[in-house]
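Have a look at the structure below, then the notes.
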Amino acid sequence: MASSETKVQKNQLIYEMGSLFNLLGLCLWLYLASRSSKTVLSQSTGIVEGTVHINGKASIGKIDEDFICATLDWWPPEKCDYGTCSWGTASLLNLDLSNTTLLNAIKAFSPLKIRLGGTLQDKVIYQSLGAQQPCTQFVLNSAEMFSFTQGCLPMSRWDELNIFFKKSRAKVIFGLNALSGRTIGSGGSAVGAWNSSNAESLIRYTVNKGYSIHGWELGNELSGNGIGASVAADQYVSDVNSLQNIVQNIYRSFRVKPLVLGPGGFFDVNWFTEFIDKTNNSLQVATHHIYNLGAGVDDHLVDKILDPSYLDGGSQPFSRLQSILKSSGTSTTAWVGEAGGAYNSGHNLVTNAFVFSFWYLDQLGMSSSYDTKTYCRQTLIGGNYGLLNTTTFAPNPDYYSALLWHRLMGRNVLSTSFSGTNKLRAYAHCSKKSAGITLLMINLDGSTTVQVGVSVENATTNGTSTLKQTQLTRRTKFARIPHHFQMGENTREEYHLTAKDGDLHSQTVLLNGKILNVNSSGNIPPLEPISVNLSEPITVAPFSIVFVHIHSIHVPACM
């Protein structure tokens, strides 16, 4: 009996010593000398040391569980910009819904929000049952607004789309035609009330068929000065009220009703202030669009993407809209309803290449920190900014960036800053569906490796110790842990994204040095991390992106 007790005591001592060593290892990683907050550049190795500072006391924003969203558009194959026709058969009217890669790419998110809309949505009519007039498609005509005639959505195609969305487990937001019934003046002002009859017919058909719609959005880019046409804020308020009444009536027996969204336009302070103040009870989501890089034809897009000051300037619409929502006292939340970065279909080998993940992920991190709930990327497929290749359906680099975000970044956003170099962008969230926190770091510098320590305020390890800072020790390679080693208190998971051959214009991305490709069956590859000892600094290579999941850091914001 005494021998048995001695063995138990011995095992207990070993366990306690092991726990102590784990805690000491983490505390060592989280200790930083005062010098390490300064930039230290090694001329021979091109290394900068710096620190990510995280305040874990409370979250500064809360995103939707399904924050990642992508769009499908109406543009026909004849849509061309700057002499290039980049849309192919990616329209809602002709997209190949039988493509296995497309299905698997959407299912990988489970769910992916998909917003159906775009420029031509305000020229779409919806086929009515028993209607005698033909359901004609868009025809190229330079004399027409947006250079296309009115188009029609056949109910047979609407059926096909909804069957596909159910199979792919997508959550659908449909953009309704907001110009119906209005007269457009010579200056582009749309006069008169919205004629909701055609939209109401579509909504009733949708409900009768049992199709699930997450939200109905009114209009596309009609706010402020508008694109092509504009609607005054007070009139738009009246129209949104009409849409809310229709939704409440048709879905009156539903416990959960679809969201009502609007205006789906570019942010204008005065217009949005009036619109939000007057739609307090009828609008669930205020949507705005982001194309802050300018025209797709711009030869300086990459320069803008790699410029920290330019990226910082993109925060203004997020912060101003957040301020409007707070001051109004409304329950309305903010979404980015469409964001392609560069307008007029983007720029081939920029907005569909590795370099665009710098802009895209920075936008996701930045918008989250201003309490944006959902971010819809233009597009899922189509144009030169699709998450998927328009012809082959193969994922572009941003697809994998979005999927990693979706799987790793939880709802609660943490206050985060970086000291060491302005070329390193850093964001942190509570981890998704697991303990700890997840960091996102983006290195905009092509010649410098950044070795990162982490300083966390209000953090504990298993509720036992306050963690402050990290000790930086140099390393040049990933510290790989043997496969038999279990992920625990003294390791973290890292996901390093780099371009093939270091080419920013590459459409092939590597995860931890391994090319990501769908297989012959169209299956999305697994996104597997490497395990790294906590005593090592986080190494962010030149022109790379790193997600880091640290299980053992616990903060009040994540409890």
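For clarity, every value in this text was computed on a predicted model and none was experimentally measured.
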Do the ring centers of Phe272 and Phe267 come within less than 6.0 Å of each other? yes
Spacing of CG belonging to Leu72 relative to OG belonging to Ser91, to within rounding of 0.5 Å: 9.0 Å
State whether Lys171 and Asp66 are salt-bridged, where the test is any N-O pair (Lys NZ or Arg NE/NH1/NH2 against Asp/Glu carboxylate O) under 4.0 Å. yes
Please find the pair of heavy atoms, one from Cys152 and one from Leu93, that lie closest to each other, and give the distance. O-CD2, 3.9 Å
Quick one: pull up CH2 in Trp216 and CD1 in Ile203 and give me the separation to the nearest 0.5 Å. 5.0 Å
Whether the side chain of Thr379 engages the backbone of Gly382 through a donor-acceptor N/O pair (distance < 3.5 Å, no angle test) should be reported. yes
Walk me through it: do Lys113 and Thr374 pass the test side-chain hydrogen bond (donor to acceptor under 3.5 Å, both in side chains)? CA-CA 9 Å; Lys113 280 177 178 159; Thr374 289; 2.5 Å; yes
When you look at Ser328 and Thr330, which way does the side-chain hydrogen bond (donor to acceptor under 3.5 Å, both in side chains) test go after all the steps? CA-CA 5 Å; Ser328 71; Thr330 181; 4.7 Å; no
Taking only residues two or more places apart in sequence, or in another chain, which ones meet Asn220 in a side chain to side chain contact (heavy atoms under 4.5 Å, CB included)? Arg115, Thr119, Gln121, Asp122, His289, Glu338
Test log, rule side chain to side chain contact (heavy atoms under 4.5 Å, CB included), inputs Leu179 and Asn177: CA-CA 6 Å; Leu179 289 182; Asn177 179 348; 3.8 Å; yes
How long is the gap from CG on Asn292 to CH2 on Trp359, to the nearest 0.5 Å? 5.5 Å
Considering only heavy atoms from C-beta outward, does the side chain of Val350 approach that of Val355 to under 4.5 Å? yes
Could you tell me whether the side chain of His347 and the main chain of Gly296 form a donor-acceptor pair under 3.5 Å? yes
Residue pair Val336 / His288, side-chain heavy-atom distance below 4.5 Å: yes
Centroid separation under 6.0 Å, is that true for the rings of Phe174 and Tyr126? yes
Can you find a pair of side-chain heavy atoms, one from Leu439 and one from Val454, that are under 4.5 Å apart? yes
Does the ring center of Tyr399 lie less than 6.0 Å from the ring center of Phe109? yes
Assess the pair Trp405 and Phe547: is the distance between their ring centroids shorter than 6.0 Å? no
Hey, does Trp158 have a side-chain heavy atom less than 4.5 Å from the side chain of Leu202? yes
Check whether Asn344 reaches the backbone of Val297 with its side chain - one donor and one acceptor, N or O, closer than 3.5 Å. no
So, Ser201 side chain and Ser197 main chain: donor-acceptor pair closer than 3.5 Å or not? no
I need the Ser431 OG to Arg407 CZ distance, nearest 0.5 Å. 15.0 Å
Taking every heavy atom of Ala233 against every heavy atom of Trp271, the minimum-distance pair comes out as N-NE1, 3.2 Å
Does Arg182 have any salt bridge (charged side-chain N to carboxylate O under 4.0 Å, His left out) partners at least two apart in sequence or in another chain, and if so, which? Asp239
Taking the side chain from Lys423 and the backbone from Leu306, do they hold a donor-acceptor pair closer than 3.5 Å? yes
Lys304 bridged to Asp298 by N-O distance under 4.0 Å: yes
Taking side chain as C-beta onward, heavy atoms only, is Phe358 less than 4.5 Å from Leu504? yes
Under 3.5 Å: donor-acceptor pair, side chain of Asn443, backbone of Ser544: no
Looking at side-chain heavy atoms only, is the closest gap between Lys107 and Lys167 below 4.5 Å? no
Assign the ring pair Phe318 / Tyr375 to parallel, tilted or perpendicular, where the plane angle (0 to 90°) is split at 30° and 60°. tilted
Examine the side chains of Ser357 and Asp398 and answer whether a donor and an acceptor come within less than 3.5 Å of each other. yes
Which heavy atom in Leu403 sits nearest to a heavy atom in Ala108, and how many Å separate them? CD1-O, 3.7 Å
Examine distances only and state if a side-chain atom of Tyr400 and a backbone atom of Leu527 form a donor-acceptor pair shorter than 3.5 Å. no
Apply side chain to side chain contact (heavy atoms under 4.5 Å, CB included) to residues Leu95 and Leu161 and explain how you reach the verdict. CA-CA 9 Å; Leu95 181 63; Leu161 286 165; over 6 Å; no
Take Trp194 and Ser238 through the test side-chain hydrogen bond (donor to acceptor under 3.5 Å, both in side chains) and record every step on the way to the result. CA-CA 9 Å; Trp194 174 53; Ser238 176; over 6 Å; no
Mind running side chain to side chain contact (heavy atoms under 4.5 Å, CB included) on Ile63 and His429 for me, showing each step along the way? CA-CA 10 Å; Ile63 63 175; His429 287 219; 3.9 Å; yes
Nearest atoms (heavy-atom pairs only) where Gly264 meets Glu217: CA-OE2, 3.4 Å
Does Asn412 reach the side chain of Ile60, with side-chain heavy atoms less than 4.5 Å apart? no
Give the ring-plane orientation class for Trp75 versus Trp87, where under 30° counts as parallel, over 60° as perpendicular and anything between as tilted. tilted
With no hydrogens and no angle check, just 3.5 Å: does a side-chain donor-acceptor pair link Ser434 and His551? no
Please evaluate residues Asp81 and Ser345 with respect to the criterion side-chain hydrogen bond (donor to acceptor under 3.5 Å, both in side chains), reporting the C-alpha separation (whole Å), side-chain torsions for both, the decisive distance (0.1 Å), and the verdict. CA-CA 7 Å; Asp81 299 282; Ser345 305; 2.6 Å; yes
Is it the case that the side chain of Ser323 and the backbone of Ser319 share a donor-acceptor pair, with hydrogens and angles ignored and the cut-off at 3.5 Å? no
Locate the shortest heavy-atom distance separating Gly337 from Thr71; write the atom from each residue and the value. O-CG2, 3.9 Å
Hey, what do you get for CD (Gln284) to NZ (Lys257), rounding to the nearest 0.5 Å? 10.5 Å
Minimal heavy-atom distance between Arg157 and Leu92, with the atoms involved, is NE-O, 2.7 Å
Can you measure from OG1 (Thr416) to CG (Asn55) and round to the nearest 0.5 angstrom? 9.0 Å
With a cut-off of 6.0 Å (strictly less than), are more than 12 heavy atoms of other residues, nucleotides or ligands near CG of Asn225? no
Main chain of Val269, side chain of Thr273: is a donor-acceptor contact present, judged purely on distance under 3.5 Å? yes
Show, in sequence, the C-alpha distance, side-chain angles and deciding distance for Met441 and Leu424, and conclude whether the side chain to side chain contact (heavy atoms under 4.5 Å, CB included) test is met. CA-CA 7 Å; Met441 286 167 288; Leu424 195 290; 3.9 Å; yes
With Arg377 as the cation and Tyr360 as the aromatic partner, state whether NZ or CZ is under 6.0 Å from the six-membered ring centre and within 45° of the axis. yes
Less than 4.0 Å between a side-chain N and a carboxylate O, is that true for Asp362 and Arg425? yes
Got Phe146 and Leu120 here, is their nearest side-chain heavy-atom distance under 4.5 Å? yes
Look at the side chain of Ser180 and the backbone N and O of Asn195, then say whether any donor-acceptor pair between them is shorter than 3.5 Å. yes
